[in-house]
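Numbers here simply count residues along the sequence, with the first being 1. The shown structure was predicted, so the numbers you read here are calculated from the model rather than taken from an experiment.
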Amino acid sequence: MYEFQCIDGIFREDNLNLIQKLKEKWHELHVNTSIFRYKLGTLKEKLAGNYMLQLNHDRSVKRRQPEHMTNICQPFDENKFNFSKVSSEEVLYKFWNKDTATNIHAIVVNVSPINYYHSLLCPSIYQMLPQVVTLDSLKLVLYIHSLSQDCDLRIAFNSLCALASVNHLHYHLVFEKQKLPIDYVNCTHIKGPLWLMENYPIPGFCFDGNAKNAAEDIFKLIQYFLANSIAHNIFITKGCSFNNGHDMTRVFVWARKSTAGAKQLGAFNVAALELGGYFAVYFDEDFEKIEVQDLDRELAKWKLDNFDKLCKEVEKLFL
């Protein structure tokens, strides 16, 4: 049982509509404070095939300079920016398990938002963990995702060298009502809990986030990536199940080519959201001219050259 603290007091999870309150508090801060690096107006959107494009000029020029990343297990550096340094005004919630109240998690606004309500979930925020997935954090994000009754909450993780901007453990909470291709892409069963995307520009591994041991199964794959220095992205969404059409929590994990070095800000970056089919585009010309073939090619560029060999190695994890 979790307890949540915000400006309105302390709530237990059984009497707190967390997602609705998050949106209300985020909107209040966006309208009434100056904590954001820019304010969002009406965001221009369109579909390119099944991909979602959203025009956001300010994110490319007004956001904090991304940190230089050289290794997917780069140590935490307390001298660099981290989320324990954000102002108290940016914190939407702090929460904890009532039995382990010293381990505090936080949800903070992203002051350089991709869209409305874009926030960051920072597990164990004061333990100063690097941007490396932990089993406990996977359990936590699956729990947070389960609190949303709507299908518009998406949770994303970018590893170091896969376009993470800050080397402090965090997941992105992004809200988008438009169906994304990742919500219904077909998947083929490989072994045990492991599935593989079909007919997608960059293949990814798939898991049923509602399964009893989902976090443990996903973490087994992440541990292999970490041991072999494979950059990766995670995308969690609601969609149809892999085999019977009922709604479920879909978890996608991509192994991808490394982006060692700072982000290169062009028309867009390919991180977890883009891999899921959601593109924040920075410039009008790109927004108007980008076609589905361009997006397919850009996603495919990040496929590992030895992906088929990787699949065979990953299968061995689930004997």
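In the displayed structure, His27 atom NE2 is contacted under 6.0 Å by at most 12 heavy atoms of other residues, nucleotides or ligands. No more than 12 heavy atoms of other residues, nucleotides or ligands lie within 6.0 Å of NZ in Lys289, so this atom counts as exposed by the packing criterion.
Interatomic distance, Phe205 CZ to Phe225 CZ, rounded to the nearest 0.5 Å: 5.0 Å. The CG atom of Leu275 sits 8.0 Å away from atom CD1 of Ile182, with the distance rounded to the nearest 0.5 Å. Between the NZ atom of Lys220 and the CD1 atom of Ile218 there is a distance of 12.0 Å, given to the nearest 0.5 Å. Atoms OG and CD, from Ser34 and Glu89 in turn, are 7.0 Å apart once rounded to the nearest 0.5 Å. Remark: Lys303 NZ to Arg256 CZ distance equals 14.5 Å, nearest 0.5 Å. The structure places NE2 of His189 at 11.0 Å from SG of Cys206, a figure rounded to the nearest 0.5 Å.
For the pair Lys85 (side chain) and Glu78 (backbone), a donor-acceptor distance under 3.5 Å is present. Side chain of Asp296 to backbone of Pro201: no donor-acceptor contact under 3.5 angstrom is found. The main-chain N or O of Tyr278 is never found under 3.5 Å from a side-chain atom of Gln54 such that the two would form a donor-acceptor pair. For the pair Glu291 (side chain) and Gln293 (backbone), a donor-acceptor distance under 3.5 Å is absent. In this structure, the side chain of Asn82 does not engage the main chain of Asn167 through any donor-acceptor pair within 3.5 Å. Lys46 contributes a side-chain N or O that, together with a main-chain N or O of Phe287, makes up a donor-acceptor pair within less than 3.5 Å. Using modelled atom types, no side-chain atom of Glu315 and backbone atom of Lys312 make a donor-acceptor pair closer than 3.5 Å. Remark: side-chain polar atoms of Asn233 are paired, donor with acceptor, to backbone N or O of Ala162 under 3.5 angstrom. Side-chain atoms of Ser137 do not come within 3.5 Å of backbone N or O of Val133 as any donor-acceptor pair. Looking only at distances, a side-chain donor or acceptor of Asn210 sits under 3.5 Å from a matching main-chain atom of Thr249.
Using a cutoff of 4.0 Å between basic side-chain nitrogens and carboxylate oxygens, Lys257 and Asp305 are scored as salt-bridged.
Side chains of Gln131 and Leu169 form a contact here, defined as non-hydrogen atoms less than 4.5 Å apart. Inter-residue side-chain proximity for Ser165 and Met69 is flagged as unmet; no heavy-atom pair is nearer than 4.5 Å. For the pair Asp58/Arg37, no side-chain contact is recorded, criterion being any heavy-atom separation below 4.5 Å from C-beta on. His172 places a side-chain heavy atom less than 4.5 Å from the side chain of Asn110. Between Val141 and His145, every side-chain heavy-atom pair lies at or beyond the 4.5 Å cut-off. Between Leu138 and Tyr171, the closest side-chain pair of non-hydrogen atoms falls below 4.5 Å. Considering only heavy atoms from C-beta on, Leu153 comes within 4.5 Å of Leu173 through its side chain. By the 4.5 Å heavy-atom criterion applied to side chains, Phe318 and Ile190 are not counted as neighbours.
Considering only residues two or more places apart in sequence or on other chains, Val91 meets the side chain to side chain contact (heavy atoms under 4.5 Å, CB included) condition with Val86, Lys94, Val108.
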Item checked: salt bridge (Lys or Arg N to Asp or Glu O under 4.0 Å) evaluation trace for Lys301 with Glu298 -> CA-CA 5 Å; Lys301 277 170 50 177; Glu298 188 60 30; 3.2 Å; yes
Next item on the list: Check the pair His105, Asn97 against side-chain hydrogen bond (donor to acceptor under 3.5 Å, both in side chains), reporting the backbone distance first and the verdict last.
Entry: CA-CA 9 Å; His105 316 297; Asn97 187 305; over 6 Å; no
Checklist line | Test side chain to side chain contact (heavy atoms under 4.5 Å, CB included) applied to Ile155 and Leu142, step by step | finding: CA-CA 9 Å; Ile155 301 183; Leu142 289 174; over 6 Å; no
Checklist line | Working for salt bridge (Lys or Arg N to Asp or Glu O under 4.0 Å), residues Glu24 and Lys21 | finding: CA-CA 5 Å; Glu24 292 171 0; Lys21 284 184 174 288; 5.4 Å; no
Next item on the list: Determine, stepwise, if the pair Glu176 / Met52 fulfils side chain to side chain contact (heavy atoms under 4.5 Å, CB included).
Entry: CA-CA 10 Å; Glu176 175 54 52; Met52 175 70 181; 3.9 Å; yes
Check: Checking side chain to side chain contact (heavy atoms under 4.5 Å, CB included) for the pair Ser124/Asp136: CA distance, chi angles, key distance, verdict?
Finding: CA-CA 9 Å; Ser124 306; Asp136 285 343; 5.9 Å; no
Margin query: Could you go through Val185 and Arg250, starting from their C-alpha distance and side-chain angles, then the distance that decides it, and tell me whether this counts as side chain to side chain contact (heavy atoms under 4.5 Å, CB included)?
Written below: CA-CA 10 Å; Val185 64; Arg250 294 177 144 218; 3.6 Å; yes
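When the side chains of ILVMFWY residues are joined at heavy-atom separations under 4.5 Å, either directly or via intervening members, Leu140 and Met128 end up in two distinct hydrophobic clusters. Placement of Leu47 and Tyr184 in two distinct hydrophobic clusters is found when ILVMFWY residues are connected by side-chain heavy-atom separations under 4.5 Å, directly or transitively.
Relative ring orientation between Phe242 and Trp195 is described as tilted, the plane-to-plane angle lying within the 30° to 60° band. Note: Trp254 and Phe235 have perpendicular aromatic rings, judged against thresholds of 30 and 60 degrees for the angle between ring planes.
In terms of heavy atoms, Phe175 sits closest to Asn115 at O-ND2, 2.8 Å. Of all the heavy atoms in Leu43 and Ile114, the pair that sits closest is CD1-O, 4.1 Å. Scanning all heavy atoms of the two residues, the minimum distance from Ile72 to Leu160 falls at CG2-O, 3.1 Å. Considering every non-hydrogen atom in both Phe157 and His170, the closest pair reads CD1-O, 3.5 Å. Of all heavy-atom pairs between Tyr51 and Pro181, the closest is CD2-CG, 4.0 Å. Residues Ile230 and Ala255 share a closest heavy-atom pair of CG2-CB, 3.6 Å.
For Trp26 and Phe36, the ring centers are positioned less than 6.0 Å apart.
The ring-ring contact (aromatic ring centres under 6.0 Å, His included) with His168 is formed by just one residue from the set Tyr126, Phe76, Phe81; it is Phe76. When the options Tyr38, Tyr117, Tyr116 are evaluated for a ring-ring contact (aromatic ring centres under 6.0 Å, His included) with His30, the one that passes is Tyr116. A salt bridge (Lys or Arg N to Asp or Glu O under 4.0 Å) with Asp152 is found for exactly one of Lys179, Lys238, Lys23, namely Lys23.
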